[in-house]
Amino acid sequence: MDLLERLADVRRRPRAYGLTTFGEVAAFVTGMDAATEWQLLDGFRQFLAAKSNLGPSLAWQVLVIRMAYPAEADEFWATASRSESSEATSVLFGELQSFFAERETSGTN
């Protein structure tokens with residue numbers, strides 16, 4: 001199973017991987033990125049920053065949470081509490097799918 005297939009499986013069955021929160025899923029995805037010497041998500045933060053207009057200085061995890069909950073974007077504690085959210089997990093997988101599709105179309109990585 002290649003990495004993108006693994007991510008699709010994690011999306012379908014996160015509990016089979018022991019993942020129940022956005023923080024756990026984000027850590028798993030970060031581990032996959034580390035295993036590829038930081039190539040898997042190369043450009044993902046910039047992709048999210050451009051799409052969300054939130055700026056490139058935020059970590060991709062924060063960008064995802066802020067995209068999932070735009071009305072609470074400037075509230076640190078609201079953002080932190082949403083790290084347990086299944087909505088943020090759903091947004092993460094949707095954005096990863098868009099990112100990989102765009103990268104494939106553009107022929108990079």
Side-chain angles (χ1 to χ4, degrees):
M1 179 179 298
D2 75 8
L3 292 176
L4 298 184
E5 290 171 343
R6 176 75 61 200
L7 278 174
D9 193 46
V10 170
R11 183 179 195 175
R12 280 189 306 276
R13 318 174 308 127
R15 291 185 187 272
Y17 292 84
L19 308 173
T20 59
T21 67
F22 172 76
E24 292 169 350
V25 172
F28 185 89
V29 171
T30 299
M32 292 180 77
D33 192 29
T36 64
E37 298 181 1
W38 310 107
Q39 296 303 302
L40 179 67
L41 299 181
D42 187 31
F44 185 54
R45 182 175 53 84
Q46 296 84 348
F47 171 83
L48 293 175
K51 189 170 184 177
S52 67
N53 292 317
L54 292 171
S57 63
L58 299 173
W60 66 260
Q61 297 88 338
V62 174
L63 289 167
V64 168
I65 292 171
R66 289 189 173 187
M67 290 171 75
Y69 298 96
E72 301 173 5
D74 294 327
E75 298 294 327
F76 171 78
W77 295 114
T79 300
S81 71
R82 297 299 188 185
S83 70
E84 302 302 310
S85 166
S86 61
E87 178 64 24
T89 300
S90 179
V91 170
L92 171 59
F93 283 119
E95 294 304 328
L96 283 169
Q97 185 176 5
S98 296
F99 171 68
F100 293 130
E102 183 175 299
R103 187 160 73 178
E104 184 177 311
T105 301
S106 69
T108 57
N109 283 10

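Small disclaimer: the values here were computed from a predicted structure and weren't measured. One is the number of the first residue; the rest follow in order along the sequence.
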In a table with atom names and distances, give each donor-acceptor pair under 3.5 Å that connects a side chain of residues 52-64 to protein atoms at least two apart or in another chain.
residue : atom : partner : partner atom : Å
S52     : OG   : L48     : O            : 2.8
S52     : OG   : L54     : N            : 3.3
Q61     : NE2  : T30     : OG1          : 3.4

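- To the nearest 0.5 angstrom, E37 atom CD is 12.5 Å from D42 atom CG.
- The distance from the CE atom of M67 to the CD atom of E95 is 3.5 Å, given to the nearest 0.5 Å.
- A pairwise comparison of heavy atoms in R15 and T20 identifies NH1-CG2, 3.3 Å as the closest pair.
- Here the shortest heavy-atom pairing between A68 and A88 reads CB-CA, 3.8 Å.
- At a cut-off of 3.5 Å, with distance as the only test, no side-chain donor of S106 or E102 sits close to an acceptor on the other residue.
- Taking every heavy atom of both residues into account, L7 and F93 meet most closely at O-CE2, 3.8 Å.
- When side chains are defined from C-beta on, F22 does not count as touching V91, because their heavy atoms never get closer than 4.5 Å.
- Although no hydrogens or angles enter the test, the distance criterion places a donor-acceptor pair under 3.5 Å between the side chain of E24 and the main chain of T21.
- The number of heavy-atom neighbours closer than 6.0 Å to CD of E5, taken from other residues, nucleotides and ligands shown, is above 12.
- Across all their heavy atoms, L40 and F100 have their closest contact at O-CE2, 3.5 Å.
- In this structure a side-chain-to-backbone donor-acceptor pair under 3.5 Å is present from T105 to A101.
- Residue Q97 comes nearest to R11 through the heavy atom pair OE1-NH1, 2.8 Å, listed as atom of the first residue, atom of the second, then distance.
- Within the model, atoms CG of L4 and CD of E104 stand 8.5 Å from one another, a figure rounded to the nearest 0.5 Å.
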Between F99 and K51, is a side chain to side chain contact (heavy atoms under 4.5 Å, CB included) present by the stated rule, with each step listed?
CA-CA 10 Å; F99 171 68; K51 189 170 184 177; over 6 Å; no

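- The environment of E87 atom CD is dense: over 12 non-hydrogen atoms of other residues, nucleotides or ligands sit within 6.0 angstrom.
- Closest approach of L96 to F44, counting heavy atoms only: CD2-CZ, 3.7 Å.
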